[in-house]
Amino acid sequence: MSADVVADHGLWFRMESGGGASGVRRAAERLGQQLELGAQRVADLAIVTAELTSNLVKHAHEGSLLLRPVRRAGRAGVELVAIDAGPGMADLALSSVDGHSTTGTLGIGLGAIVRQASWFDGYSLPGRGTVLAVQVWDGPPAEPDWAGGLTRPITGEQVSGDAYAVRVADGRHQVLVCDGLGHGPLAAAAGGAAVAAFRTAPAGPPGSVVQHLHHNISHTRGAAVAVAELDSAAGLLRYAGLGNIAAMIVGSGERRRGLVSLPGIAGHQHPVVREYDYPFPPGATLVMHSDGVVDRWSLDDYPGLAERTPLVAAATLLRDAGVRRDDACVLVARTGS
């Protein structure tokens, strides 16, 4: 797979053999050039991409890689997320040190990734597989995000009707997950319209934002939408949803708590929108996902995952609970500062 321009939702590559690795590297180099990273950082990006794809080909089971731009405060970088269901690593930190190897090689692959990357995080569990997330910036890396997510289209499509967005509006830390009706370009258009409306919506509580989305995507086929606001000062999470977006709060040592979304489709008919408040203590995690993710996961099955970045947590859940017969989206957020 290749493209002249990589959209913000990114490109997925299935890494089933070494033959596709060169295509991924070329796509990463083109993206780095488009984002004007500079010749040296594009070369560093090529090394990172080559090492990630090599690891996926050598060690992965059902390996895949997401390539996409990342944008923060007027700057842009390149992000790669490698996912596999292979044997996993008992000690990811040790495996990232030059000279350590699990296959008799020099063991410089993960070490090279860490050295060339501006930012790196990962999670690995023996018997379950590995997730690695890497960013390459021209200059200092951007601050780590308090929320992270990713989408994956149904098998056979290039675009996904599922989408997510993150914003801070007048101090309000808000996230959106949406599921455009159906699949393919028309569903993606609905999801894209919801994201655009969310980013430009007046600062307000989730209920008013959902109403804004409803009125601004009426020209599309419509979407299930949910907006959450993390209020660390009040220790609350405010939430409003329409349709089949799943959302839950997971606290340390506690059972997860499901959040209420009402029936309806944003952009069509006249749905009832209600906002609910939930306790959201320090250390709690919000997980939201579309119906392309099976709702039978538990963070208790992933020791240490709650300490990883939201992006790595979201990618791990997508790997294990996402289905290929539908668009899929996972977003993870923690208390914003």
Test side chain to side chain contact (heavy atoms under 4.5 Å, CB included) applied to L56 and F13, step by step: CA-CA 11 Å; L56 288 171; F13 299 85; over 6 Å; no

Check against side chain to side chain contact (heavy atoms under 4.5 Å, CB included), V294 and V323: CA-CA 7 Å; V294 179; V323 300; 3.5 Å; yes

Side chain to side chain contact (heavy atoms under 4.5 Å, CB included) between M15 and L52, worked out: CA-CA 10 Å; M15 300 307 303; L52 282 174; over 6 Å; no

Test log, rule side chain to side chain contact (heavy atoms under 4.5 Å, CB included), inputs L213 and L176: CA-CA 10 Å; L213 300 181; L176 162 75; 3.8 Å; yes

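Clustering ILVMFWY residues whenever any of their side-chain heavy atoms sit less than 4.5 angstrom apart, transitively, puts I47 in a cluster other than the one holding L110. Cluster membership check: V70 does not share its hydrophobic cluster with V6, using side-chain heavy-atom separations under 4.5 Å among Ile, Leu, Val, Met, Phe, Trp and Tyr. Linking ILVMFWY residues whenever their side-chain heavy atoms come closer than 4.5 Å, directly or via other members, places L125 and V312 in the same cluster. Under the 4.5 Å side-chain contact rule for hydrophobic residues, V177 and I154 do not share a cluster. Follow the hydrophobic side-chain contacts under 4.5 Å out from V159 and you never reach L186; the two are in separate clusters.
Inter-residue side-chain proximity for P153 and H183 is flagged as unmet; no heavy-atom pair is nearer than 4.5 Å. Put simply, the side chain of S261 reaches to within 4.5 Å of the side chain of Y239, judged on heavy atoms. Side-chain contact between D145 and T309 is absent, with no heavy-atom pair separated by less than 4.5 Å. By the 4.5 Å heavy-atom criterion applied to side chains, V195 and Y164 are not counted as neighbours. At least one side-chain heavy atom of P271 sits less than 4.5 Å from a side-chain heavy atom of H214. Contact of the F280 side chain with the I249 side chain is registered, since non-hydrogen atoms from C-beta on lie closer than 4.5 Å. Looking only at side-chain heavy atoms (C-beta outward), L237 and Y276 stay at 4.5 Å or farther from each other. Using a 4.5 Å heavy-atom cutoff, the side chains of Q269 and I265 are not in contact.
A donor-acceptor pair shorter than 3.5 Å cannot be found between the side chains of H289 and D162. When only modelled atom types and interatomic distance are considered, D44 and Q40 share a side-chain donor-acceptor pair under 3.5 Å. Neither side chain, T155 nor R324, offers a donor N or O lying under 3.5 Å from an acceptor on the other. For the residue pair S232 / T335, no side-chain donor-acceptor distance below 3.5 Å is found, with atom types taken as modelled. Of the N and O atoms on the side chains of T316 and R308, not one donor lies less than 3.5 Å from an acceptor on the other residue.
Looking only at distances, no side-chain donor or acceptor of D231 sits under 3.5 Å from a matching main-chain atom of L236. Side-chain N or O atoms of R41 include one that pairs as donor or acceptor with a backbone N or O of Q116 at under 3.5 Å. Although no hydrogens or angles enter the test, the distance criterion places no donor-acceptor pair under 3.5 Å between the side chain of R221 and the main chain of G180. In this structure a side-chain-to-backbone donor-acceptor pair under 3.5 Å is missing from D121 to A133.
For the residue pair Q174 and G204, the shortest heavy atom distance occurs at NE2-O, 2.7 Å. Looking at every heavy atom in both residues, E229 comes nearest to P205 through OE1-CA, 4.0 Å. Contact record, S118 with W137: OG-N, 2.8 Å, taken as the closest heavy-atom pair. Summarising the geometry of E275 relative to G207, their closest heavy-atom pair is OE1-N, 2.8 Å, with the distance given to 0.1 Å. Taking every heavy atom of both residues into account, P69 and A7 meet most closely at CD-O, 3.3 Å. Contact detail for A194 and C178: the closest heavy-atom pair is CB-SG, 3.9 Å.
Here CG of L286 is found 6.5 Å from CG of L259. Values are rounded to the nearest 0.5 Å. With rounding to the nearest 0.5 angstrom, the CG atom of L181 is 7.5 Å from the OG1 atom of T220. The distance from atom CG of L132 to atom CZ of F120, rounded to the nearest 0.5 Å, is 5.0 Å. One finds the NE2 atom of H9 at 12.5 Å from the SG atom of C329 (value rounded to the nearest 0.5 Å). Distance check, rounded to the nearest 0.5 Å: CH2 of W297 to CG of L318 gives 13.0 Å. Between the CD atom of E307 and the CZ atom of R334 there is a distance of 7.5 Å, given to the nearest 0.5 Å.
Salt-bridge formation is detected for the pair D320/R128: a Lys NZ or Arg NE/NH1/NH2 atom is positioned less than 4.0 Å from an Asp or Glu carboxylate oxygen. Ionic pairing of D138 and R75 is not present here: no N-O contact between side-chain nitrogen and carboxylate oxygen is shorter than 4.0 angstrom.
Across V273, V210, L242, I245, a single residue satisfies side-chain contact (heavy atoms from CB on, under 4.5 Å) together with V227, and that is V210. Looking at T49, V48, L35 one by one, the single match for side-chain contact (heavy atoms from CB on, under 4.5 Å) with V78 turns out to be L35. Looking at L80, L31, L67 one by one, the single match for side-chain contact (heavy atoms from CB on, under 4.5 Å) with L45 turns out to be L80.
Shown here is D295, whose CG atom has more than 12 heavy atoms of other residues, nucleotides or ligands within 6.0 Å. Crowding of R274 atom CZ: a count of heavy atoms from other residues, nucleotides or ligands under 6.0 Å not exceeding 12. Crowding of H219 atom NE2: a count of heavy atoms from other residues, nucleotides or ligands under 6.0 Å exceeding 12.
Because its NZ or CZ atom is not both nearer than 6.0 Å to the ring centre of Y278 and within 45° of the ring axis, R238 does not count as a cation-pi partner of that residue. Relative to the six-membered ring of W12, R68 misses at least one condition, a distance below 6.0 Å or an angle of at most 45° to the axis.
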